[in-house]
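Have a look at the structure below, then the notes.
Computed over heavy atoms, backbone and side chain alike; hydrogens, waters and symmetry mates excluded. Every chain is numbered from 1, with letters handed out A, B, ... down the list of sequences.
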There are 2 protein chains.
Amino acid sequence: MTSAAVSKEDVLDRLAKVFRDQGYEAASLSRLAKASGLGKASLYYHFPNGKQEMALAVIERAEMLFSEQILQPLRSGDAPAQRIAQFLRNLDTYYCNGEESCLLGVFAMTAVPEEFEQYIVSGLKRWIDELSAVLEEAGLLRKMALGRAETAVCWIEGALLVSRGTKSTKPFKQMLSQLKAFLLHDL
Amino acid sequence: MTSAAVSKEDVLDRLAKVFRDQGYEAASLSRLAKASGLGKASLYYHFPNGKQEMALAVIERAEMLFSEQILQPLRSGDAPAQRIAQFLRNLDTYYCNGEESCLLGVFAMTAVPEEFEQYIVSGLKRWIDELSAVLEEAGLLRKMALGRAETAVCWIEGALLVSRGTKSTKPFKQMLSQLKAFLLHDL
DNA sequence: GTCTATACACCGATAGAC
DNA sequence: GTCTATCGGTGTATAGAC
């Protein structure tokens with residue numbers, strides 16, 4: 001990994017895929033080593049606290065990427081309706097048309113170390129809050145905006161889950177096609 | 001477990017709780033034994049194929065209970081709107097106000113043995129189809145009904161996930177309070 | 001920085017007494 | 001039917017060579 005060919009970001013992205021696809025407990029060091037292209041001992045060189053540190057680094061990178069690619073565009077200078085439309089396109093890219101799972105969603109649904117839980121809570125809340133802010137700007141009362149944003153996040157997470165469960169990206173695509181109307185109706 | 005005090009159903013319900021709360025891989029035989037009140041070897045007496053058989057029995061019991069408590073009332077003789085309202089009350093009971101996870105949802109999100117996947121696919125699809133049938137009866141075109149039912153199941157699963165992730169039953173309660181209007185609007 | 005080799009705990013699973 | 005004891009394998013984690 002010294003060579004720039006495989007950067008720390010590359011390693012984190014490969015580890016992330018294992019955690020997203022398998023969940024925390026099922027992501028064994030053997031699988032993580034294989035996916036990252038490093039030996040187990042090398043992983044411990046980069047993450048001295050082992051699997052837990054790997055997963056935390058993966059969570060932090062995921063929150064950074066999610067913030068950059070999904071949340072920050074929500075704060076641009078465009079009209080709210082435009083920002084919502086862009087938000088949906090960005091979701092489509094981020095989750096690969098519904099083929100990728102949400103790391104926070106996967107960790108929320110299964111056993112993880114206690115230290116992770118605050119990341120999950122705050123990650124989901126931040127998502128809801130940022131979306132709610134746009135809806136408020138579009139003219140919705142705070143309470144309505146929060147409720148609608150919360151519903152949207154539930155819908156997105158549920159669509160990812162059902163898409164994965166039914167081995168079809170249709171639920172995700174359908175959600176994307178209807179979410180804008182839901183978020184902006186009566187506006 | 002010979003005594004009627006702890007029936008096979010009791011054991012399955014206790015095992016189910018472990019699988020729902022931890023996911024398949026994290027549900028170790030030690031935890032399953034402790035939760036069931038039986039030793040590991042006793043579990044193997046009742047489930048000769050081990051953990052996989054336990055999980056399959058748990059899935060099958062969950063589908064039976066879900067069918068009885070949630071899906072069959074959807075086929076009663078009442079008016080569609082009444083049936084939907086009852087469906088929501090039954091969901092509230094089944095998922096303990098949003099405090100319990102959906103077994104299929106948990107298994108859908110993480111690594112499980114290949115044999116499970118058809119149960120997950122068909123369980124989710126059946127849920128969508130039964131709900132869709134009621135909406136069709138209420139006057140919706142087949143295609144619309146299917147789309148709306150799929151959205152509803154995504155919403156429910158997502159609300160359970162977000163409720164668990166944020167350690168609050170509010171998303172689940174909010175979903176319950178709004179789903180009827182969503183399912184029946186323009187009807 | 002990466003590796004091979006290894007330590008030790010826990011995993012799923014079984015044998016055999018009761 | 002349930003238990004204790006134990007198996008072989010894999011899990012996470014480390015030591016030490018290179």
Which label fits B/F107 and B/F19: parallel for a plane angle under 30°, tilted from 30 to 60°, or perpendicular past 60°?
perpendicular
Rounded to whole Å, CD of A/E25 lies from P of D/dG11 at a distance of 12 Å
Base, sugar-phosphate alone, or nothing: which one does A/A27 contact when heavy atoms must sit under 4.0 Å apart?
sugar-phosphate
For the pair made of CG in B/L38 and P in C/dG12, what is the distance, rounded to whole Å?
16 Å
From NZ of A/K34 across to C1' of C/dC3 the rounded distance in Å is 18 Å
Measure CG/B/L43 against P/C/dG12 and give the value in whole Å, please.
11 Å
Which nucleotides of nucleotides 13-18 of chain D have their base under 4.0 Å from a protein heavy atom (B), which only their sugar-phosphate (S), and which neither (-), written as one string 5' to 3'?
BBB---
Should the pair A/E63-A/R126 be classified as a salt bridge under the 4.0 Å nitrogen-to-oxygen rule?
no
Would B/D21 and B/K17 pass as an ion pair if we require N to O under 4.0 Å?
yes
A/E25: salt bridge (Lys or Arg N to Asp or Glu O under 4.0 Å) partners, not counting sequence neighbours
B/R31
Distance in angstrom units between B/Y24 OH and C/dC11 C1', rounded:
12 Å
Give a yes/no on whether any side-chain N or O of B/S30 is located under 4.0 angstrom from OP1 or OP2 of C/dC11.
yes
Give the rounded distance in Å between these two atoms: CG of A/L32 and C1' of D/dG11.
12 Å
Is NZ or CZ of B/K8 both nearer than 6.0 Å to the six-membered ring centre of B/Y45 and within 45° of the ring axis?
no
State, with a plain yes or no, whether a side-chain heavy atom of B/L12 is found less than 4.5 Å away from one of B/F47.
yes
Would you say D/dC3 has OP1 or OP2 under 4.0 Å from some side-chain N or O of B/S42?
yes
Using whole Å, report how far CD of A/Q22 lies from P of D/dT10.
16 Å
Length of the line joining B/F47:CZ and C/dG12:C1', which is rounded to integer Å:
15 Å
Counting only N and O atoms by type, is there a donor-acceptor contact under 3.5 Å from the side chain of B/T110 to the main-chain atoms of B/G23?
no
